[in-house]
Amino acid sequence: MSVNLFTSLSEQLGPLTWPMFICAFIALMIILERLALVIFELPKRDTWLTGLRKQSRTSDPEQVKALIAQLNSGRSMLSKGTYLLLTHAGQNRTMREEIINLWLTKQKQVLRSGLKVLQVIGIITPLLGLLGTVLGLIEMFNQLGASDGPVTPSQLASGLGLAMNTTAAGLIIAVPAITMAHLFGIWADQRCSNIAYALNQINLWLEGLEQAMTLGCDPQASAFCTQANKAQTSITLAKETQTNKDQVAI
């Protein structure tokens, strides 16, 4: 079945069968590998982050140790980045930021791996199709030149068929390759931004900043935290006022 299909493609594409086939195979492998990475990096794998955002607003050594133990076997990029950040919790904030920036640069290269190859395939396959068009027209004119009789449709069909088939094959390969390269690029940039944002939150959480894990994530949660802080402030002021009154009374 596959041999017959390849023979049929060879008859339709001529000498450009192997270049087209190689480009299509490489593009397909890259797209499948990127799709597997996208599925593997789905946000649902980082449910621990949701749990962390629902816990206390400041970090403590026991909580950090428990989170390190939980993320030790984590396989998503965010889990690995958080594990790296937590294992360097003893460093100052500037040093942790430098470590995470280097790590994020490497992860961005991983997420965008193969996309330039897809773009190159998307560029060269239409050119290969154009080359096939030219070769098909040359073949057609050679057949017409070698014929002494009138021009028949069969003489035109082989050359024009080769010209149109190669052009169509080039576009069929190029359109998905360019489209998926741009889509994967958009996803990679968005994923890196989300990871960087979460790691910055965790870094501030390690510094003891209140509301660090809810900054910009959930307006309702932020509003709740704001109300809680206001209530806590009111309670503190009331206590101070009562203390002052007791001192005055004494």
Side-chain angles (χ1 to χ4, degrees), residues 19-53 64 67-128 170 172-207 212-213 215-217:
M20 289 289 189
F21 179 78
I22 292 173
C23 290
F25 179 78
I26 294 175
L28 180 61
M29 291 298 101
I30 293 175
I31 291 173
L32 292 178
E33 188 268 339
R34 294 291 93 185
L35 283 175
L37 179 62
V38 170
I39 295 173
F40 183 81
E41 286 292 322
L42 289 177
K44 65 181 181 181
R45 286 183 167 271
D46 300 321
T47 54
W48 59 267
L49 182 61
T50 304
L52 182 62
R53 284 171 174 162
V64 171
L67 192 57
I68 290 176
Q70 180 181 357
L71 298 178
N72 188 25
S73 59
R75 301 181 62 184
S76 68
M77 287 187 176
L78 181 56
S79 298
K80 294 178 180 179
T82 304
Y83 180 80
L84 177 64
L85 181 60
L86 294 178
T87 52
H88 292 83
Q91 303 289 338
N92 57 63
R93 189 177 69 180
T94 303
M95 181 61 66
R96 292 198 303 267
E97 290 176 352
E98 292 295 330
I99 293 172
I100 291 302
N101 285 334
L102 290 175
W103 181 84
L104 282 173
T105 301
K106 180 63 177 178
Q107 300 311 308
K108 189 172 184 179
Q109 294 176 355
V110 173
L111 291 177
R112 299 187 66 90
S113 176
L115 300 187
K116 289 185 178 180
V117 177
L118 271 183
Q119 293 175 351
V120 171
I121 291 175
I123 293 173
I124 64 174
T125 48
L127 298 178
L128 290 175
I172 289 173
I173 299 172
V175 172
I178 295 177
T179 302
M180 297 306 294
H182 282 83
L183 290 178
F184 286 135
I186 293 172
W187 172 81
D189 294 339
Q190 185 64 34
R191 182 61 176 163
C192 285
S193 298
N194 292 337
I195 292 175
Y197 183 79
L199 291 178
N200 284 330
Q201 283 185 316
I202 296 172
N203 196 22
L204 294 175
W205 176 70
L206 290 174
E207 286 292 312
M213 298 306 299
L215 288 175
C217 294

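- To the nearest 0.5 Å, the span separating CD1 on I100 from NE2 on H88 amounts to 8.5 Å.
- From W205, atom CH2 reaches atom CG of L86 across 6.5 Å, with rounding to the nearest 0.5 Å.
- The shortest distance between side-chain heavy atoms of I68 and N72 does not fall below 4.5 Å.
- Between F184 and L115, the closest heavy-atom pair is CB-CD2, 3.5 Å.
- Contact record, I173 with A24: CD1-CB, 3.8 Å, taken as the closest heavy-atom pair.
- Rounded to the nearest 0.5 angstrom, L37 CG and R191 CZ are separated by 9.0 Å.
- In this structure, CG on L78 lies 6.0 Å from CD1 on I195, to the nearest 0.5 angstrom.
- For the 3.5 Å distance criterion, the side chains of E97 and N101 fail to qualify, holding no donor opposite an acceptor.
- Within 6.0 Å of atom CE in M95, 12 or fewer heavy atoms from other residues, nucleotides or ligands are found, so the atom counts as exposed in its surroundings.
- T82 and S79 form no side-chain donor-acceptor contact under 3.5 Å, judged by distance and modelled atom types alone.
- No side-chain heavy atom of L84 sits under 4.5 Å from any side-chain heavy atom of K80.
- Of all non-hydrogen atoms in D189 and K108, the two that sit nearest each other are OD1-CE, 3.7 Å.
- Rounded to the nearest 0.5 angstrom, L199 CG and C192 SG are separated by 10.5 Å.
- Annotation for F40: atom CZ counts as buried by contact number, over 12 foreign heavy atoms lying within 6.0 Å.
- Taken to the nearest 0.5 Å, the CG atom of L206 stands 5.5 Å off from the CG atom of L85.
- The shortest heavy-atom contact between L128 and C23 is CD1-SG, 4.2 Å.
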For M180 and I30, run side-chain contact (heavy atoms from CB on, under 4.5 Å): C-alpha distance rounded to whole Å, both residues' side-chain angles, the deciding distance at 0.1 Å, then the answer. CA-CA 10 Å; M180 297 306 294; I30 293 175; over 6 Å; no

The test is side-chain contact (heavy atoms from CB on, under 4.5 Å); show your working for E98 and W103 and say whether it passes. CA-CA 9 Å; E98 292 295 330; W103 181 84; over 6 Å; no

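- Without hydrogens or angle criteria, N194 side chain to Q190 main chain gives a donor-acceptor distance under 3.5 Å.
- Proximity of a side-chain donor or acceptor of T87 to a complementary backbone N or O of Y83 within less than 3.5 Å is detected.
- Looking at every heavy atom in both residues, R75 comes nearest to E41 through O-OE2, 4.4 Å.
- Considering every non-hydrogen atom in both P126 and I121, the closest pair reads CD-O, 4.4 Å.
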Walk me through whether N203 and E207 qualify under side chain to side chain donor-acceptor pair (under 3.5 Å). CA-CA 7 Å; N203 196 22; E207 286 292 312; over 6 Å; no

